[in-house]
Amino acid sequence: QSMAFGNMGDDCGTGVAFTRNPATGEKALFGEYLINAQGEDVVAGVRTPSPISKLHEEMPAVYEQFAAIADRLEKHYKDMQDMEFTIENGKLYMLQTRNGKRTAAAALKVAVDLVDEGMIDEKEAVCRVDPKQLDALLHPTFDAEALKKAQVVGKGLAASPGAACGRVVFTAEEAKEWHERGEKVILVRLETSPEDIEGMKAAQGILTVRGGMTSHAAVVARGMGKCCVSGCGDIKMDEENKKFELSGKTYREGDWISLNGSTGNIYDGAVPTTDAVIGGEFGRVMGWADQFRRLKVRTNADTPHDAAQARKFGAQGIGLCRTEHMFFNEDRIPAIRRMICSDTVEEREAALAVLEPMQQSDFEGIYEAMEGCPVTIRFLDPPLHEFVPTEEADIEKLASDMGKTVAEIKNIIAGLHEFNPMMGHRGCRLAVTYPEIAAMQTRAVIKAALNVSAETGCMITPHIMIPLVGEVKELKFVKDVVVKVADELIAAAGVDMKYQVGTMIEIPRAALTAGEIAKEAEFFSFGTNDLTQMTFGFSRDDAAKFLGAYYENKIYESDPFQHLDQIGVGKLVKMAAHDGRETRPDLGLGICGEHGGDPTSVEFCHNVGLDYVSCSPFRVPIARLAAAQAAIKKPRAK
């Protein structure tokens, strides 16, 4: 092929153009060119190119020919084209064409327009949009021009997408106080815990030194739609003096920083953000996706607000409601602490009686927000040490409230210490030790369902999920407590209300003995966060310290907490699903780990025959689209 020269005079030139605008998807030629130049001149940025529309004035015949060829190429490839061209002595040479890269908004518009123009059908349109791109539509982003000037001072894990800027604060209490004064804040912590929940709500974004993609900060931030960068080990934290050091600069309370939760970048100062905007094309593509998918998509939500948000995004129910997140409000934490520090069953029941109406009210709000869709409520899961006070003033107040000495309370707190709490006294083990906790939560769940059913005329079917089961006998023990309380309440109400009791499969032994466990469980929900860490044998909060070396040395291709390990963990899921349904053919099967919003993991769930995936509210559209693409690739019976 002979060389074409664009730099032989004023009747020569070179350029790059798209058949549609790659930023917006608008149907019009978009690009730029330079007269008397070669391709590298455009890239080098030494000269300012002209918009492609101006070529119509300088070389009308060439422009008309180029527009006709662009139209022909787009119709041939049935997609937006990215083209390079050279003009030599007034003659047009086409050098290259390829499918053009585009923003999420443009991807949706181009897909919809191509359907309307008769070039592709709805199935093809659904497959043209990358599910991961949808994150950019649902969260704030940085102003593009401001971002070019911003200084990157650090990088962590891109734990929850979006952009945020605010003033540095170091505690949940400070985050609330600054927020109430009208300030935007970034909560900076070594790591977050459930007691930070109110501060996380108040913050624009969360930055942690420790933790991985499924750490507390990451999971809760995704559920709230908050920007989060986790695991930035380069931060030298000095919490006592309310400051930290990063890239040689010291940041104190009130200093401005900005976070990009989609890349993990941390910026010095305040970088302006722009709000997310969802156009009509989004709804049309999602509607087509819902026609083709076979997997249902539910959400992980703990509050009526999160449940309502998920419904707006198309969630078909709640696959995981984490009840412990309801205990950290200021009016509730004293009661749970009194329960933990009680000496007798009677004292524990008295403390739980204070919590019961609060839990019931929460459940009523969630049932109403979900408008009759299934709601799966997980009973208390975390170890009790997460609820006890750490500040001296809080310890003294608890001691005073309970008529105990400060020393006695400190001894109780010390006794709750565990060397490996994530594999310790938590989950169903709490209910085996303290059945009164399961009884209280059952009363709250069933009473709430009875009340909402009576008010709305729509009979609620609660799904009660017992966490961390590894032995069928422990599930039966807790289930017996639940059934006794539930049946008495339903009989007293004189209605025919159904409910289900199931379990989370998050311990390898549960997957290996799924056939036995299915004798007592009416549904399985795979908690793949814990199932992954227990199968791999490393902590999801600490793994970020060494996983980088594993990627560099090509031991792992990706973070197993982000993309489901289909060879190992996936084999356990597949085995448990098969064996469970051998025992109970109508066994409900779903996944509620963070993998429920990951497109490759959603495809796996479709292929192994699960009924639904459950994910954070802002990942629901991603899961809907990924489930549709999986069904188009590999159809299965309705």
Side-chain angles (χ1 to χ4, degrees), residues 197 201 223-224 290 296-332 335-336 349 352-380 436-466 479 481-502 522-523 525 588 590 592 611-612 614 616-617 620:
I197 196 84
K201 285 179 186 174
M224 295 177 178
D290 292 342
K296 289 184 168 59
V297 177
R298 298 182 186 175
T299 190
N300 302 339
D302 315 319
T303 66
H305 174 269
D306 289 350
Q309 180 66 70
R311 281 294 284 156
K312 287 179 187 173
F313 286 143
Q316 296 166 287
I318 290 179
L320 174 64
C321 173
R322 294 158 289 212
T323 53
E324 60 271 10
H325 286 166
M326 301 171 173
F327 291 146
F328 286 96
N329 290 356
E330 290 177 10
D331 58 339
R332 304 182 185 197
I336 192 79
E349 287 178 336
L352 289 166
V354 175
L355 285 172
E356 185 183 314
M358 299 174 183
Q359 282 245 289
Q360 181 180 327
S361 174
D362 286 333
F363 296 144
E364 286 174 359
I366 286 171
Y367 287 140
E368 288 164 2
M370 293 315 292
E371 305 171 311
C373 294
V375 174
T376 302
I377 294 169
R378 182 181 74 183
F379 277 8
L380 190 63
E436 52 272 19
I437 297 176
M440 180 278 284
Q441 292 199 289
T442 303
R443 284 193 295 273
V445 167
I446 299 298
K447 285 180 180 178
L450 288 167
N451 284 355
V452 175
S453 296
E455 288 169 12
T456 64
C458 174
M459 188 58 72
I460 305 292
T461 302
H463 291 62
I464 294 171
M465 185 155 69
I466 312 300
K479 182 183 175 183
V481 174
V482 171
V483 168
K484 181 176 185 298
V485 173
D487 286 355
E488 286 175 0
L489 287 170
I490 292 168
V495 297
D496 182 25
M497 189 179 83
K498 307 294 183 191
Y499 64 93
Q500 290 190 7
V501 181
E522 293 172 271
F523 63 87
S525 179
C592 64
D611 298 313
Y612 67 87
S614 187
S616 306
V620 166

* In terms of side-chain geometry, is the basic nitrogen of Lys447 or Glu364 positioned less than 4.0 Å from the acidic oxygen of its partner? ->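 No salt bridge links Lys447 with Glu364.
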
* For Glu455, which residues count as a salt bridge (Lys or Arg N to Asp or Glu O under 4.0 Å) partner, sequence neighbours excluded? ->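 In terms of salt bridge (Lys or Arg N to Asp or Glu O under 4.0 Å), with neighbours along the sequence ignored, Glu455 is linked to no residue.
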
For the residue pair [X] and [Y], establish whether any side-chain heavy-atom pair is separated by less than 4.5 Å.
| X | Y | value |
| --- | --- | --- |
| Phe523 | Asp611 | no |
| Val445 | Tyr367 | yes |
| Arg443 | Leu352 | no |
| Pro462 | Met497 | yes |

* Just one of Thr442, Thr461, Asp487 clears the side chain to side chain donor-acceptor pair (under 3.5 Å) bar with Tyr499, so which one? -> Asp487

Out of curiosity, [X] [atom1] to [Y] [atom2], how far, rounded to the nearest 0.5 Å?
| X | Y | atom1 | atom2 | result |
| --- | --- | --- | --- | --- |
| Ser453 | Ile446 | OG | CD1 | 9.5 Å |
| Ile366 | Thr303 | CD1 | OG1 | 6.5 Å |
| Ile464 | Cys321 | CD1 | SG | 12.0 Å |
| Ile460 | Glu371 | CD1 | CD | 10.5 Å |
| Ile336 | Met358 | CD1 | CE | 11.0 Å |
| Lys479 | Ile466 | NZ | CD1 | 10.0 Å |

Backbone of [Y] reached by a side-chain donor or acceptor of [X] within 3.5 Å:
| X | Y | answer |
| --- | --- | --- |
| Ser614 | Thr299 | yes |
| Gln441 | Leu380 | yes |
| Glu356 | Ala444 | no |

Where [X] and [Y] come nearest, the two heavy atoms and their spacing:
| X | Y | result |
| --- | --- | --- |
| Ala353 | Pro357 | O-CD, 3.1 Å |
| Gly319 | Ser525 | O-OG, 4.3 Å |
| Val481 | Ala439 | CG1-N, 4.0 Å |
| Tyr612 | Arg298 | CE2-NH1, 3.4 Å |
| Gly372 | Cys458 | CA-SG, 3.9 Å |

* Gln316 and Asp290: side chain to side chain contact (heavy atoms under 4.5 Å, CB included), yes or no, with the steps? -> CA-CA 11 Å; Gln316 296 166 287; Asp290 292 342; over 6 Å; no

* **Working for side chain to side chain contact (heavy atoms under 4.5 Å, CB included), residues Ile318 and Cys373** => CA-CA 8 Å; Ile318 290 179; Cys373 294; over 6 Å; no

* Asked: Who passes side-chain hydrogen bond (donor to acceptor under 3.5 Å, both in side chains) against Glu368, sequence neighbours left out?
  -> none

* With Asp302, the salt bridge (charged side-chain N to carboxylate O under 4.0 Å, His left out) member among Arg322, Lys201, Arg378 -> Arg322

